[in-house]
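For reference, the structure is listed below as C-alpha cells.
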2 protein chains.
Amino acid sequence: MNTKFDIKKVEKISKALGDPYRIRIMEAIKQEQDWMQCATIVDMFNLAQSTISHHVNQLVDADLLLTEKDGRNAKYKINKEVFNDYVQFLNNFKF
Amino acid sequence: MNTKFDIKKVEKISKALGDPYRIRIMEAIKQEQDWMQCATIVDMFNLAQSTISHHVNQLVDADLLLTEKDGRNAKYKINKEVFNDYVQFLNNFKF
DNA sequence: TTTATACATTTAAATATTTCGATATATTTA
DNA sequence: TAAATATATCGAAATATTTAAATGTATAAA
C-alpha cells in the first residue's frame, strides 16, 4: 500500500491505540462483520457523546477506522490495510 | 510467551510507542546486533540525559526493551517476544 | 416547515506527559 | 578513601490530552 509510513505515522497510530476506550472501540468494531453505527458505540460506553466523538475522530485521523455518512448516521469499520502496514513496521523489531 | 495480554498491556505498549523519540530509540537499538549502551542513546539525541532516561524507562516498563546492568553502565535490547505478542494482538484487526 | 435526531465542533477544566536542572546513587579508577 | 563516571530520581514548568457541557449543523419525520 502507498501509505507514507514514517515515524510520524507510527506515532499517530500508536497514540491512537494508547487509550483504553479507543482500544475497546476498535475491538467492538472488529466484532462487526461490516460497518458499526456511531450510535452503537455511544451506547456502549459511559462517556459523553462528545467524548466518544473525540475518540472516534482520533482513530479516523490515524486511519485506523474508515468512515461513511449514511443519511444523518455515521458508520465506521476497521481499515485493515493500515493495520497491515503498522504490523509490517512492527515486525522489523522481531528479527 | 505467557504475557497477560489485556487492554492495559496494549495501552501501555501503544503509549510507549506513541512518541517520536521513543520510536527512534527503538529503531536505533534494533540496528544493533545485541545490546546497546545507554550512553550511546544519550549521545544520539539532543535531549537532557534525564529525559532520555525517562523515555527509555517507559520502553522498559512496557517490556519493549530488556535491560541489564554492566558495572556502572546500563544496556538495552529489543524484547522480541513482546513484539510478537503485540503484533499477534493487532493481527486480529486484519481479518 | 417546524421539530426531533444524530453527530460534530467549540470551549474550558482537570489530568497526564514531556522536558530539564539539580541531586542522588552506584560503580569504577586514582 | 576520594574523585570521576554513568545512570536514575525528584521537582517544577511547559505542553498535550482527556473529558464534558453547550452549541452548531445536517438530515429525517411529523
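Note on naming: letters A, B, ... go to the chains in the order of the sequence lines (proteins, then strands), and numbering restarts at 1 for each one. These numbers come from a predicted model, not from an experiment.
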field: Atom-pair distance (NE2 on A/H54; P on C/dT11), nearest Å
entry: 16 Å
Min side-chain heavy-atom separation B/F83-B/M26 under 4.5 Å: yes
- prompt: Hey, is the side chain of B/Q49 pairing donor to acceptor with the base of D/dA8 inside 3.5 Å?
  reply: yes
message: I'd like to know if A/R72 reaches the base of C/dT5 with its side chain, counting only an N/O donor and acceptor under 3.5 Å.
response: yes
task: Write down the distance between CG (B/L47) and P (D/dT7), rounded to a whole number of angstrom.
output: 16 Å
- request: Identify whether any heavy atom of A/I52 sits under 4.0 Å from a base atom; if not, whether one sits that close to sugar-phosphate; answer base, sugar-phosphate or nothing.
  value: nothing
- request: Considering just the side-chain nitrogens and oxygens of A/T51, establish if one lies under 4.0 Å of OP1 or OP2 belonging to D/dT19.
  value: no
- prompt: Could you state the CG-P distance from B/N57 to C/dT19, rounded to the nearest angstrom?
  reply: 15 Å
task: Classify the side chain of A/S50 and the base of D/dA21 as holding, or not holding, a donor-acceptor pair under 3.5 Å.
output: yes
- prompt: A/F45 near the nucleic acid: base, sugar-phosphate alone, or nothing, with a heavy-atom cut-off under 4.0 Å?
  reply: nothing
message: When you measure from the side-chain N and O atoms of A/Q58 to the phosphate of D/dT18, is any distance below 4.0 Å, counting only OP1 and OP2?
response: yes
Pair A/D63 + A/K12: basic N to acidic O under 4.0 Å: no
message: I'd like to know if the side chain of B/T51 pairs up with that of B/Y21 as donor and acceptor (distance under 3.5 Å, no hydrogens or angles considered).
response: no
query: Under 4.0 angstrom, heavy atoms only, what part of the nucleic acid is A/H55 near: base, sugar-phosphate, or nothing?
result: sugar-phosphate
field: Flag if over 12 foreign heavy atoms under 6.0 Å of NZ, B/K8
entry: no
- line: Taken to the nearest whole Å, CD/A/E68 to C1'/C/dA6 is 17 Å
- prompt: Is the phosphate of C/dC7, meaning OP1 or OP2, less than 4.0 Å from a side-chain N or O of A/N73?
  reply: yes
- request: Using a cut-off of strictly less than 4.0 Å, decide whether B/K69 has a side-chain nitrogen or oxygen near OP1 or OP2 of C/dT27.
  value: no
- prompt: A/L66 and B/L90: same hydrophobic cluster, using ILVMFWY side-chain contacts below 4.5 Å?
  reply: no
message: Of the options C/dC7, D/dT19, D/dT9, whose atoms approach the side-chain atoms of B/S53 most closely?
response: D/dT9
statement: By the Watson-Crick or G-U definition, both distances under 3.5 Å, C/dA30 is matched with D/dT1
